[in-house]
Structure formats: C-alpha cells, structure tokens
Amino acid sequence: MKPVRTRFAPSPTGYLHVGGIRTALFAWLVARQAGGEFVLRFEDTDKKREVEGSREHLIKSLHTLGLKHDEGPDIGGQFGPYVQSERLASYHKWAQMLIDAGKAYADPYTPEQVQQFREEAQKAKKPFLYRNHRPTDPPKWDGTMPLRFKSEPKDYQWHDAVMGDMHAGAEAIDDFILIKSDGYPTYNFAHIIDDREMQISHIIRGQEFIASQPNYLNLYEALEFEVPILATVPHILGPDGKKKLSKRDGAKDVLDYFREGYLQEAMLNFIASLGWNDGTEQEIFIAQELIEKFSLDRVQRAGAKFDESRLLWMNGTWIRGLNLGELYERSKDFWPESSRQASDDYKKQVLSLIQERLKYFAEIPQLTDFFFTDLPVDMQLIDGNKQLKKFEHAELKGLLEQAKASLEASDFSAADLAERLNVLLEQTGQKPGVLFSLIRIASTQAPSSPGLAETLAVLGQETSLRRIDATLQAL
RNA sequence: GGCCCCUUCGUCUAGUGGUCCAGGACGUCAGGUUCUCAUCCUGAAGAUCGCGGGUUCGACUCCCGCAGGGGUCACCA
C-alpha cells in the first residue's frame with residue numbers, strides 16, 4: 001500500500017470560494033485519515049490570468065479553515081518546487097521523451113487555422129477533434145509552436161472513488177496541447193507530471209475534469225505512469241440551483257465569512273456536510289470526527305445547492321457550544337465602538353447574555369450597543385408596543401415610578417431583581433407583558449434584549465435608573 | 001450537436017427488493033417556556049421517490065426508454 005499523499009492545486013487567479021475550499025477539505029481529510037501528507041501546489045502556467053496577492057490569500061484561506069498543508073510553496077518539502085512555473089525543466093524533459101518516442105509533435109497551424117477547424121466542426125454539429133487535422137509531416141518542434149500529444153484513441157473504463165465506474169468512447173480522446181507556444185505546459189500535461197513526481201496517491205478535483213479523464217488516461221499510458229486514485233467531486237451550485245458556484249456569479253470569498261464572524265469549525269462542518277454524510281443522523285461534526293468518518297464513496301454524486309440559512313444555523317449552534325472565555329477571545333474584533341471603554345469582565349457578562357441569540361459575530365454591535373451607551377429615548381417603542389399602547393402615558397408613568405422605587409432599594413443582583421419584579425407584578429396587578437415591557441424599553445431603548453432581570457443586573461443600578469428617569473421625563 | 005455525469009420534501013439528505021402510502025436536519029407555520037429577541041421543548045404542513053414502460057408475489061431500490069439539469073468539446077485551469 002502506497003503512502004497516501006493528496007494535493008490541493010489551485011491556480012493563483014483569485015480567492016477561494018466555498019466550492020473550491022470543499023475540494024481542499026476533502027483532500028485534506030483523506031490525507032489526515034490515512035496519516036498521509038497534504039500537499040499544496042500552485043498551478044501558475046497561465047501568466048495572463050494570474051492575480052497579484054492571490055497566493056497569500058489562498059494560503060490564508062486554507063489556514064483559517066484549519067487545513068494545514070504538509071508541503072507547499074511557502075514551506076517546501078522533499079518534492080519541490082511546488083510551483084509549476086518553477087518546474088519547467090521537468091515538463092520539457094518528459095515532453096522530449098514523448099517526442100523521441102513519436103508520441104508528441106509540433107502543431108504547425110496558426111491559432112486562426114485551428115479556430116477555423118473548430119468552427120467547421122461546430123457548423124457540422126460535430127465535436128471538434130484536432131486529431132482529424134493531424135499533420136502528416138509535422139515540423140521539428142522548436143519551442144515556438146505548441147507541442148501536441150499524439151493520442152491513441154480507444155475506449156476506456158475506469159473507477160472514480162466518488163462517481164463509481166466510468167466509461168468513455170474513443171471519440172473523447174484527442175491530441176491536446178502539452179506545451180504552449182510560450183513554453184509553459186498546459187494544466188493537462190503539467191498536473192500529470194507533477195502528481196507523478198510528487199508521488200500523489202489521490203487526485204481529488206472538481207467535476208469539470210471528468211470529460212478530460214480519458215485523455216489523461218491515454219497520456220498516463222504513453223508516459224507509462226501508474227494512474228493515481230481518482231475522485232471527482234461534484235460542484236456546489238449557487239442558490240439558484242443551476243450553475244456551479246463561481247466567482248463570476250458573485251460567490252463569496254471564504255475569508256468574507258470569517259470577516260463576518262463565522263467560526264472556522266462551523267464552516268468546516270458545513271462544507272463537509274454539503275454533499276456528504278456518514279450515514280447516520282448526525283449533523284454536527286468536529287474536525288477529528290470528520291477525519292475519522294469521512295469517506296469518498298459517501299460523497300454525493302449530484303451537485304448540492306449552497307444554502308446559507310443552514311450555515312447560519314450551524315454557526316449559531318457552534319457559538320452556543322463554545323465556553324465563554326473562548327467565545328470572548330474569538331469575538332474580540334467585532335465589538336461596537338461604544339464598548340471601547342468597557343472592561344473585559346463587563347463585556348463577558350454581556351456576551352454571556354447574548355450567546356444564545358448570536359448567529360455570527362457581526363451581529364454583536366446591534367445586539368449589545370445599549371449595554372455600553374444610553375440610546376435616545378424613543379417613544380415609538382412604547383407607543384407602538386401592542387401591550388403598552390392601550391395605556392395612557394400617565395398610567396405608564398405611575399407604573400414606572402413604582403418600579404423605580406423598588407429598583408432603588410435593590411442590590412441589583414439578578415436574583416434580587418427577579419424577586420422584586422415578581423413583587424411588582426403582584427402590587428400593580430399588571431401582566432408581565434405590560435410591566436416588563438415597560439421597564440425593558442425604558443432601561444434599554446432597544447427593540448429587543450435578553451431577559452429583563454439579567455439585563456438590569458448587568459447594566460447596574462446607576463445606568464438603569466438614569467435611563468428610567470429619562471423615560472419618565474419623556475412620558 | 002457529440003460524449004460523460006446527475007435526478008427522494010423549498011434546501012441538505014437517509015434509503016442497495018418487503019421493516020417506506022418514505023426517516024432526519026435546515027427553513028416555514030402553530031403552541032409552550034412570567035415581556036421583546038433568541039434558545040429550548042412540543043406539534044404541523046411539506047416528496048404520488050423526474051416521467052413512461054418492463055422484471056418481480058412485491059420496486060425509491062433491478063432493466064429499458066424518455067425528459068430535465070449539469071459538465072465538457074481552449075495555446076484556462
């Protein structure tokens with residue numbers, strides 16, 4: 001049994017979205033499960049499409065999700081370099097071997113001529129096959145023309161760890177380009193050489209490569225390479241459920257989710273369970289469980305739609321599961337401006353009150369602002385309240401005066417406050433819906449808040465009474 | 001158009017011939033938890049298993065056809 005070595009091989013052409021990161025996650029899980037290596041490789045053979053800074057961005061995305069690679073451009077490894085543009089000598093060496101064996105030849109046509117062949121095929125409603133135009137006496141390859149693979153078309157059957165048994169006819173095989181006229185290899189050629197030289201055991205990649213697989217098999221044969229285990233992962237579809245999730249259609253950068261305060265664990269859990277399950281009814285998985293339970297053959301063959309509401313739920317579940325100290329550490333960048341002067345201890349008290357209503361950290365400001373600053377008295381909160389609007393302001397004022405008197409005598413522990421609120425209920429003969437709403441609105445000026453007694457306890461006596469006074473004056 | 005892949009509640013899915021007039025989760029709706037929001041709990045609606053044939057005593061599960069969706073047919077990956 002060969003050691004398991006998986007790879008994630010993005011081209012540095014931008015950021016990583018949820019669909020891309022899932023392929024990386026699966027590769028990482030397979031490696032970790034087997035105690036193998038997870039390799040990062042940059043496929044930068046298209047210099048025109050390269051985006052400045054995307055290499056760092058890609059690495060950061062991977063690491064933020066906890067997908068640490070064992071070998072890669074930034075950390076090296078014994079099979080480097082891990083950047084295709086630095087491996088040109090290798091591609092040319094193998095290309096020369098193919099030429100010598102009569103299995104590769106120079107493409108004498110201009111791009112315009114090839115394009116014309118393509119259009120003719122299209123017009124005839126036939127698939128375009130370059131090999132139908134294969135030159136009988138190609139010139140010697142001097143590096144200024146593309147180098148093409150001289151294919152040997154035939155039927156193929158192969159096994160895919162996700163898709164199962166696959167097959168394709170000889171018509172799927174063509175003379176594809178190995179080396180472009182700029183001297184760089186195509187993906188089709190380079191990845192095969194790299195995977196061989198880096199001793200990659202599993203190729204886990206997106207569905208867009210399925211149609212090329214017969215070509216690759218043909219090339220493996222010509223090169224006399226062993227074919228790695230193949231696993232084709234279906235695309236994640238956008239919310240419209242049609243097209244694959246793509247940057248062009250506004251798919252979010254995974255780092256954007258972290259900027260909004262999604263937890264790494266939730267994201268990992270969500271992405272893994274999009275199109276994969278362990279056969280039980282378990283929904284929440286920690287990374288270690290994913291490593292233990294993941295298997296390629298339980299990955300769905302159909303593409304799954306990206307459902308953000310499920311991610312939101314999952315993130316809330318993970319937030320609720322964190323202990324307070326951990327939650328506080330993670331949420332530090334998300335507190336509102338108004339909290340700047342507040343102590344860590346105070347903020348932790350606030351956090352414990354909102355923990356169960358928090359779905360992602362970017363909500364913290366709107367959930368907590370009133371804990372840090374006196375909001376202006378908004379009579380609409382009272383006049384628009386379905387319980388309170390039935391009362392005259394004078395009546396409400398009387399109720400609030402009674403409440404104030406009781407609160408003035410409280411030690412402001414949550415227990416004492418709860419007790420006093422109960423007594424007030426009896427004394428005034430009012431329903432909680434009336435009395436509590438009134439006090440809550442007066443002391444927070446927020447449309448919603450955590451439980452009344454706890455909120456008052458955290459706000460403290462001085463602040464609570466000051467706000468109640470402000471409301472009394474407005475009534 | 002050729003080739004290839006896919007098709008179970010709105011969404012993610014369980015399901016490998018009878019235990020499925022289809023189970024779970026998200027979402028939605030209703031009720032409960034002394035106020036709001038959220039959590040939590042309970043309940044409800046929601047899939048004639050894409051359609052049509054067959055095989056079988058019996059099919060979501062096997063076979064054939066069809067339709068729909070997707071991928072691909074680049075000197076992009």
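Here the structure is a predicted model, which means the values were calculated and not measured. Numbers restart at 1 for each chain; the letters A, B, ... are given by sequence-line order, proteins then strands.
One P atom belongs to B:C62, the other to B:C6, and the distance between them is 12 Å to the nearest Å. A distance of about 7 Å separates the P atoms of B:G50 and B:C9, rounded to the whole Å. Between B:C3 and B:G65, the two P atoms lie 13 Å apart (nearest whole Å). Comparing B:C49 with B:U16, their C1' atoms are spaced 15 Å from each other, to the whole Å. Separation of the C1' atoms belonging to B:G53 and B:A59 is 14 Å when rounded to the nearest angstrom. Separation of the C1' atoms belonging to B:C60 and B:G17 is 10 Å when rounded to the nearest angstrom. Rounded to a whole angstrom, the distance from the C1' atom of B:A25 to that of B:A47 is 15 Å. Between B:U28 and B:A38, the two P atoms lie 10 Å apart (nearest whole Å).
For A:R301, there are no salt bridge (Lys or Arg N to Asp or Glu O under 4.0 Å) partners at least two apart in sequence or on another chain. Judged as a salt bridge (Lys or Arg N to Asp or Glu O under 4.0 Å), and not counting sequence neighbours, the contacts of A:R310 are A:E283. When the side chain to side chain contact (heavy atoms under 4.5 Å, CB included) test is applied to A:N385, the partners found at least two apart in sequence or on another chain are A:Q387, A:L388, A:S437, A:I441. Residues satisfying the salt bridge (Lys or Arg N to Asp or Glu O under 4.0 Å) test with A:K348, not counting sequence neighbours, are none. In this structure, the salt bridge (Lys or Arg N to Asp or Glu O under 4.0 Å) partners of A:E50, at least two apart in sequence or on a different chain, are A:K47, A:R55. For A:P81, the side chain to side chain contact (heavy atoms under 4.5 Å, CB included) partners are A:E86, A:R87, not counting sequence neighbours.
A:H191 comes within 4.0 angstrom of nothing in the nucleic acid, heavy atoms only. Among the protein residues, A:E281 comes within range of the sugar-phosphate backbone only, with heavy atoms under 4.0 Å from sugar or phosphate atoms but none that close to a base. Within 4.0 Å (heavy atoms only), A:G169 reaches no atom of the nucleic acid at all. Among the atoms of the strands shown, base atoms are found under 4.0 Å from some heavy atom of A:G451.
Comparing A:Q300 and A:A453 by the nucleotide of RNA chain B that holds the closest heavy atom to each, the one mapping nearer the 5' end is A:Q300. Along RNA chain B, the nucleotide closest to A:S448 and the one closest to A:D165 are compared, and the more 5′ of them pairs with A:D165.
Across all strands shown, B:C3 forms a Watson-Crick or G-U wobble pair, both distances under 3.5 Å, with B:G71. The partner of B:A25, taking Watson-Crick or G-U wobble pairs whose two distances both stay under 3.5 Å, is B:U11. Using Watson-Crick or G-U wobble geometry with both donor-acceptor distances under 3.5 Å, B:A59 finds no partner in any strand shown. The partner of B:C20 cannot be assigned: no Watson-Crick or G-U wobble pair with both contacts below 3.5 Å exists in any strand.
The base of B:U36 lies outside donor-acceptor range of the side chain of A:N385, with no N or O pair under 3.5 Å. A donor-acceptor contact under 3.5 Å is not formed by the side chain of A:R301 with the base of B:C6.
Judged by a 6.0 Å distance limit and a 45° cone about the ring axis, A:R205 is positioned over the six-membered ring of A:F209.
Note: A:F149 and A:F176 have tilted aromatic rings, judged against thresholds of 30 and 60 degrees for the angle between ring planes.
Applying the salt bridge (Lys or Arg N to Asp or Glu O under 4.0 Å) definition to pairs two or more places apart or across chains, none involves residues 381-393 of chain A. The salt bridge (Lys or Arg N to Asp or Glu O under 4.0 Å) contacts involving residues 349-359 of chain A comprise nothing, where partners must be two or more places apart or lie in separate chains. Applying the salt bridge (Lys or Arg N to Asp or Glu O under 4.0 Å) definition to pairs two or more places apart or across chains, those involving residues 174-186 of chain A are A:R134-A:D175.
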Show me the protein contacts with nucleotides 63-66 of chain B, counting only N or O atoms at under 3.5 Å.
none

Got a list of protein N/O to nucleotides 27-32 of chain B N/O distances below 3.5 Å?
none

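Residue A:R357 has its side chain nearest to B:A38 when only B:U39, B:A38, B:C4 are considered. In this structure, of B:C37, B:G15, B:C12, it is B:C12 that holds the atom nearest to the side chain of A:L274.
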What one-letter contact string describes nucleotides 72-77 of chain B from 5' to 3', where B marks a base within less than 4.0 Å of any protein heavy atom, S marks contact via sugar-phosphate atoms alone, and - marks no contact? SBSBBB

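Just one residue in the list A:W313, A:F306, A:F285, A:W276 forms a ring-ring contact (aromatic ring centres under 6.0 Å, His included) with A:F270, and that residue is A:F306.
Looking only at atom types and distance, the side chain of A:D46 has no donor-acceptor partner in the side chain of A:Y187 under 3.5 Å away.
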